[in-house]
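Throughout, a chain's letter reflects where its sequence line sits, starting with A, and its residues are numbered from 1.
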Amino acid sequence: MSQITLTFPDGNSRDVPAGITPGEVAADISKSLSKKAISATVNGEHFDLAWPIEADASIAINTMQDEAPALELIRHDLAHVMARAVQTVFPDVKVTIGPVRDFGWFYDFDRQEPFTPEDLGAIEAEMKKIINARDPVRTEIWDRDRVRQHYTDTDEPYKIELLDRIPGDEPIRMYWHGDWQDMCRGPHLQHTGQIPADAFKLTRVSSAYWLGDNTRPQLQRIYGVAFRNRDDLKKHQQFLEEAEARDHRRLGREMDLYHMQEEAPGQVFWHPNGWTIYTTLQDYMRRRQRAGGYVEVNTPQVVDRKLWEASGHWDKYQDHMFIVEVDEEHAREKAINALKPMNCPCHVQIFNQGLKSYRDLPLRMAEFGSCARYEPSGALHGIMRVRGFTQDDGHIFCTEDQIQDECAKFIAFLTETYADLGFESFDIAFATRPEKRVGSDESWDHVEGALEAAIKSTGNPYRVEEGDGSFYGPKLDFYLTDAIGRVWQCGTFQVDPNLPERLGATYIGEDSGKHRPYMLHRATLGSFERFIGILIENSAGRLPFWLAPQQVVVASIVSEADDYVHEVVAALTKAGVRASADIRNEKINYKVREHSLAKVPVILAIGRKEVEDRTVTLRRLGEKTTQVIELDTVTADLGMEATAPDLR
RNA sequence: GCCGCUGUAGCUCAGCUGGUAGAGCACAUCAUUCGUAAUGAUGGGGUCGGGGGUUCGAAUCCCUUCAGCGGCACCA
């Protein structure tokens with residue numbers, strides 16, 4: 001038998017017979033390691049302890065101390081354990097697939113009846129039994145025909161379909177957890193007893209399409225979360241509670257920002273508080289865009305379908321557009337219009353007015369464009385996903401040579417904007433051509449190359465998302481991470497050679513001939529509605545002072561202070577602070593509590609002393625301490641704090 | 001759009017197997033002028049998402065519809 005050389009993380013190596021398994025290697029090292037071992041990393045690949053190693057390799061034996069492999073195995077084995085438990089409790093259920101996801105895993109089952117929350121309890125109990133039984137996990141490589149025969153015999157059609165999707169050169173592995181068996185690429189733990197029995201939880205049931213395809217059957221999905229120990233599970237549950245406490249739908253009501261109602265699903269009724277945030281943010285963006293060399297425009301809401309046909313949107317998106325029909329009784333002829341779902345075709349119309357010269361490029365056109373999209377009912381979510389929204393939209397008409405510079409300018413613009421809004425960093429994804437697209441492959445080659453060169457030249461790190469581009473061009477997407485680690489896609493920068501072509505945009509070049517401009521679609525916030533939702537959740541309702549709808553409440557302690565309270569409010573208002581008086585006949589405790597719950601960032605309390613000394617006692621939201629400050633000082637300080645960051 | 005769940009006072013929620021609805025907070029009135037997260041008393045308020053049906057009788061059962069929630073699919 002031939003010998004191979006294994007190299008360990010500490011640099012030591014040893015010669016062993018080819019075909020040795022990591023489990024045997026671990027046993028060779030020590031008995032305790034052999035018991036603690038969960039898997040190995042062989043040449044960087046996550047390896048089952050039972051898989052043979054055939055050639056020289058680097059090897060590391062993993063234990064529960066190694067977080068990434070440990071979590072992967074725990075969650076993956078739990079998927080199997082759960083599937084086994086489900087088939088024990090409900091023998092008629094067909095198994096499909098159960099991958100590791102997010103904080104746990106899910107597994108899809110084919111079953112007539114949906115699972116109920118009560119079922120989960122029974123399944124969870126059965127899972128604990130399996131774990132306590134410490135059933136050994138065993139693997140074998142089968143050939144295709146044998147697997148096919150097996151799943152034909154056991155009547156598991158989904159498994160056969162999965163089998164057919166495995167590339168021909170991959171080994172087909174069969175795993176046993178005790179006497180329960182599943183086809184799986186592995187790796188897995190040594191035995192079910194290695195799964196921490198107190199660190200997982202089945203969380204919810206739902207349905208999902210087989211293979212994510214909405215023309216295929218719907219399966220019943222069970223989600224679970226799992227960690228290495230109970231504390232981590234608890235921390236995760238606390239994270240979920242934290243996220244719930246920050247939910248913009250809840251804070252939106254508590255802070256009286258907006259409401260929504262049945263008569264206008266997916267559309268926002270902004271209350272004075274919410275609209276203050278909205279307009280403050282919009283004013284800020286307007287100033288920034290002006291400074292960034294954009295001209296602002298505004299375009300119609302109701303536009304004839306002819307334009308949408310020309311742009312290509314009618315073909316692709318008419319099911320998601322609000323169609324407005326005008327019949328012959330009202331017009332000379334029947335007309336079909338659509339509420340605009342985006343602004344770009346209208347911007348091309350403005351560009352097309354009059355002759356444009358190469359000297360006009362780049363032409364940066366911005367609009368706070370109110371759009372309407374008939375989003376599927378199941379997609380609606382608070383103010384994050386709505387049917388009526390306003391984008392901070394912009395289109396840059398430029399030459400190919402200018403793409404790189406515009407890309408760099410935009411990233412700088414976006415970096416500053418995000419920083420002002422409390423997000424210090426972001427991630428960039430470069431999304432390439434999707435399957436369904438317009439334009440030739442040559443054109444895509446060209447444009448993708450130009451955009452990638454542009455992003456490279458800025459020096460910003462980015463990742464590539466194959467096939468995730470727009471149907472008309474590649475794009476960069478910008479992702480923010482919020483205060484509790486959730487990721488939001490907001491900004492976008494898209495190169496589009498197609499729309500100018502379809503809508504006949506041209507400019508006169510230096511050669512006095514007609515040329516086709518490129519169009520760069522770009523947004524920083526995305527939509528005001530959604531971005532405000534993100535701001536609320538990121539700050540847990542404690543918005544930065546300049547964005548807070550109610551910045552200061554001046555609260556009287558005794559009614560003798562009322563006149564001075566009004567004077568303080570007037571002084572603050574004059575300094576540009578959104579301040580209001582609270583001279584109700586209530587105790588200061590009551591007022592502090594109420595305004596704190598409403599997330600007012602600053603409360604100024606006024607009693608006899610303050611009236612006499614012409615001071616205020618200032619208390620910031622969430623702080624227990626107070627400070628006494630001269631009226632003039634507090635007015636100046638808060639006035640500065642209320643100023644938008646770009647004006648300070 | 002699909003699957004499941006939910007829909008009772010402004011908010012959060014109770015209301016068992018059908019017999020014309022209840023709590024806390026909020027609100028109003030009165031008293032209290034009280035120094036940093038709820039002062040006390042009294043009082044008003046809903047016909048139970050909409051429509052239809054079963055029944056002597058429905059918030060409670062059935063059908064249908066709308067909306068919301070959790071996923072899936074979608075996201076120009």
Side-chain angles (χ1 to χ4, degrees), chain A residues 106 108 113-117 203-223 247 249-250 253-254 256 259-266 308 311-321 340-345 371 373-382 384-387 389 391 393 434 436 438 468-473 475 489 492 494 496 499 521 526-527 530 555-562 583-598 603-610 617-626 628:
Chain A
F106 64 76
D108 289 343
E113 300 284 304
F115 294 103
T116 66
T203 51
R204 58 173 48 111
V205 294
S206 77
S207 75
Y209 299 107
W210 170 233
L211 301 174
D213 182 343
N214 63 8
T215 63
R216 305 298 301 272
Q218 279 208 339
L219 306 171
Q220 302 304 323
R221 176 172 294 182
I222 302 178
Y223 286 89
D247 192 311
R249 293 166 298 189
R250 171 178 169 162
R253 187 173 52 241
E254 287 174 4
D256 194 18
H259 85 272
M260 300 172 103
Q261 63 186 51
E262 267 192 48
E263 288 79 359
W308 308 116
S311 71
H313 292 99
W314 185 265
D315 208 31
K316 195 167 157 64
Y317 290 111
Q318 63 172 296
D319 288 348
H320 299 288
M321 288 162 78
K340 73 169 165 181
M342 85 287 297
N343 310 297
C344 23
C371 297
R373 294 179 185 175
Y374 189 77
E375 300 285 5
S377 55
L380 301 178
H381 181 86
M384 298 284 206
R385 186 80 184 271
V386 286
R387 289 182 176 158
F389 59 96
Q391 298 173 312
D393 202 4
K436 287 185 190 170
V438 296
D468 224 28
S470 283
F471 73 95
Y472 49 70
K475 61 179 179 173
Q489 193 258 310
T492 188
Q494 313 176 352
D496 178 6
L499 202 58
H521 307 245
S527 93
R530 181 159 177 276
S556 60
I557 296 171
V558 292
S559 52
E560 296 163 46
D562 290 359
I583 56 167
R584 290 175 303 169
N585 177 14
E586 295 291 351
K587 294 169 79 164
I588 192 65
N589 289 295
Y590 181 90
K591 295 182 183 182
V592 166
R593 177 181 150 83
E594 194 175 273
H595 300 304
S596 296
L597 288 174
I603 296 171
L604 301 181
I606 310 286
R608 291 198 181 84
K609 276 187 301 205
E610 288 80 3
T617 299
L618 180 148
R619 177 195 161 112
R620 290 201 181 255
L621 180 58
E623 289 177 14
K624 296 223 164 51
T625 56
T626 59
V628 180

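Considering all non-hydrogen atoms of both residues, A/A605 and A/I588 come closest at CB-CD1, 4.0 Å. Taking both residues in full, the closest heavy atoms of A/Q261 and A/H259 are given as OE1-NE2, 2.8 Å, listed atom of the first, atom of the second, then distance. In plain terms, the two heavy atoms of A/W308 and A/M321 that are nearest each other are CG-CE, 3.6 Å. A/N343 approaches A/C371 most closely through the heavy-atom pair OD1-SG, 3.6 Å.
Nucleotide B/rU17: unpaired (no Watson-Crick or G-U wobble partner with both distances less than 3.5 Å). Of the nucleotides present, none pairs with B/rG35 by Watson-Crick or G-U wobble criteria with both distances under 3.5 Å. With both pairing distances under 3.5 Å, B/rA28 is matched to B/rU42 as a Watson-Crick or G-U wobble pair. A 3.5 Å limit on both hydrogen-bonding distances identifies no Watson-Crick or G-U partner for B/rA76. With a cut-off of 3.5 Å on both Watson-Crick or G-U wobble distances, the partner of B/rA59 is given as none. Judged by Watson-Crick or G-U wobble contacts below 3.5 Å, the nucleotide B/rU12 has B/rA23 as its partner. When Watson-Crick and G-U wobble pairs are counted only if both distances are under 3.5 Å, B/rG4 pairs with B/rC69. Across all strands shown, B/rU47 forms no Watson-Crick or G-U wobble pair with both distances under 3.5 Å.
Taking atom CE of A/M260 as the reference point, atom C1' of B/rC11 lies 19 Å away to the nearest angstrom. Per the geometry, CD belonging to A/Q220 stands 10 Å off P belonging to B/rC5, to the nearest Å. For the pair A/R250 CZ and B/rG10 C1', the interatomic distance rounds to 17 Å; values are reported in whole Å.
One C1' atom belongs to B/rC25, the other to B/rG19, and the distance between them is 31 Å to the nearest Å. Using C1' as the reference atom, B/rC72 and B/rA26 are 39 Å apart when rounded to the nearest Å. With C1' as the reference atom, B/rU64 and B/rG44 are 36 Å apart, rounded to whole Å. One C1' atom belongs to B/rG50, the other to B/rC11, and the distance between them is 23 Å to the nearest Å. When the C1' atom is used for both B/rG18 and B/rU60, the distance is 6 Å, rounded to whole Å. Distance check on atom C1': B/rC74 versus B/rU6 gives 24 Å, rounded to whole Å. Between B/rU17 and B/rC62, the two P atoms lie 12 Å apart (nearest whole Å). Here the separation of B/rU20 from B/rG24, taken at their C1' atoms, is 25 Å to the nearest Å.
Listed by chain and residue number, A/D477 satisfy the salt bridge (Lys or Arg N to Asp or Glu O under 4.0 Å) test with A/K475 (two or more places apart in sequence, or in another chain). The salt bridge (Lys or Arg N to Asp or Glu O under 4.0 Å) search around A/R620 returns A/E641, not counting sequence neighbours. Here A/E610 pairs with A/Y564, A/I606, A/T615, A/T617 under the side chain to side chain contact (heavy atoms under 4.5 Å, CB included) rule; sequence neighbours left out. Qualifying side chain to side chain contact (heavy atoms under 4.5 Å, CB included) partners for A/D247, counting only residues two or more places apart in sequence or in other chains: A/R249, A/R250, A/E537. Scored by the side chain to side chain contact (heavy atoms under 4.5 Å, CB included) test, A/F471 finds A/H313, A/K316, A/Y317, A/V438 as partners (sequence neighbours excluded). A search for ring-ring contact (aromatic ring centres under 6.0 Å, His included) contacts involving A/W314 returns nothing, not counting sequence neighbours. Partners of A/D393 by salt bridge (Lys or Arg N to Asp or Glu O under 4.0 Å), not counting sequence neighbours: none found. Scored by the salt bridge (Lys or Arg N to Asp or Glu O under 4.0 Å) test, A/R216 finds A/E161 as partners (sequence neighbours excluded). With sequence neighbours excluded, the residues that form a side chain to side chain contact (heavy atoms under 4.5 Å, CB included) with A/E375 are A/R373, A/L380, A/R385, A/R387.
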Using a cut-off of under 3.5 Å, enumerate the N/O to N/O pairs linking the protein to nucleotides 45-49 of chain B.
none

So which protein N/O to nucleotides 34-39 of chain B N/O distances come out below 3.5 Å?
unit_1	atom_1	unit_2	atom_2	d
B/rC34	N4	A/N585	OD1	2.6
B/rG35	O6	A/R608	N	3.4
B/rG35	O6	A/K609	N	3.2
B/rG35	O6	A/E610	OE1	3.4
B/rG35	N1	A/E610	OE1	2.9
B/rG35	N1	A/E610	OE2	3.0
B/rG35	N2	A/E610	OE2	2.6
B/rG35	N2	A/T617	OG1	3.3
B/rU36	O2'	A/R619	NH1	2.1
B/rA37	OP2	A/R619	NH1	3.4
B/rA37	O4'	A/R593	N	3.3
B/rA37	N7	A/R619	NH2	3.0
B/rA38	N9	A/R593	NE	3.3
B/rA38	N7	A/R593	NE	3.2
B/rA38	N7	A/R593	NH1	3.2
B/rA38	N7	A/R593	NH2	3.2
B/rA38	N6	A/R593	NH2	2.5
B/rA38	N1	A/R593	NH2	3.1

Each nucleotide of nucleotides 69-76 of chain B classed B (base within 4.0 Å of a protein heavy atom), S (only sugar-phosphate) or -, in 5' to 3' order, makes SBBBBBBB
